[in-house]
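Below, all heavy atoms of this structure are taken into account, side chains as well, without hydrogens, waters or symmetry copies. Predicted model, so just to flag it, every value in this text is computed and none were measured.
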Amino acid sequence: MTWALLGVCVAAAAALRLAQIDTHPGGLYQDEAAEGYDAYRLLHEPGFHPLFFADDGGREVLFAYVVAGVFRLAGDSVATLRATAAILGVLAVA
């Protein structure tokens, strides 16, 4: 019973979080764009492998490295960037 409820909660979280992820909300927020740009730079700018991002008020690098890995596998797009955050959020629900 407990596992079934957990499954329902995770499925609901995934359905709500991943619905229309590539179009809603329209455009990128500043933080999303900064994370995506840094992930892009990690893949395409030789020697760019920081341990801390000083831009955008300073940020840790773990999420950008995860996004860079997903970009490498699935291609760089708004949907890929948002899906990475959404899937990590659904895993947090689990």
Can any side-chain N or O of Thr80 pair as donor or acceptor with the backbone N or O of Gly75 at less than 3.5 Å?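 It does hold such a pair.
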Nearest atoms (heavy-atom pairs only) where [X] meets [Y]:
| X | Y | value |
| --- | --- | --- |
| Ala86 | Ile21 | CB-CD1, 3.6 Å |
| Ala64 | Ala39 | O-CB, 3.5 Å |
| Val93 | Ala13 | CG2-CB, 4.0 Å |

Distance, nearest 0.5 Å, that separates [atom1] of [X] from [atom2] of [Y]:
| X | Y | atom1 | atom2 | result |
| --- | --- | --- | --- | --- |
| His49 | Arg41 | NE2 | CZ | 11.0 Å |
| Tyr65 | Glu35 | OH | CD | 12.0 Å |
| Leu62 | Leu88 | CG | CG | 8.5 Å |

Do [X] and [Y] come close enough that some side-chain heavy atom pair is under 4.5 Å?
| X | Y | result |
| --- | --- | --- |
| Tyr40 | Val67 | no |
| Phe63 | Thr84 | yes |
| Pro50 | Leu42 | yes |
| Leu81 | Val70 | no |
| Ile87 | Leu91 | yes |

Does [atom1] in [X] sit with more than 12 non-hydrogen atoms of other residues, nucleotides or ligands closer than 6.0 Å?
| X | atom1 | result |
| --- | --- | --- |
| Tyr37 | OH | no |
| Gln30 | CD | no |
| Tyr29 | OH | no |

In terms of side-chain geometry, is the basic nitrogen of Arg59 or Asp31 positioned less than 4.0 Å from the acidic oxygen of its partner?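 Answer for the salt bridge query: no.
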Hydrophobic cluster membership, with links at side-chain heavy-atom distances under 4.5 Å among I/L/V/M/F/W/Y: are Val61 and Val66 in one?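 In one cluster: no.
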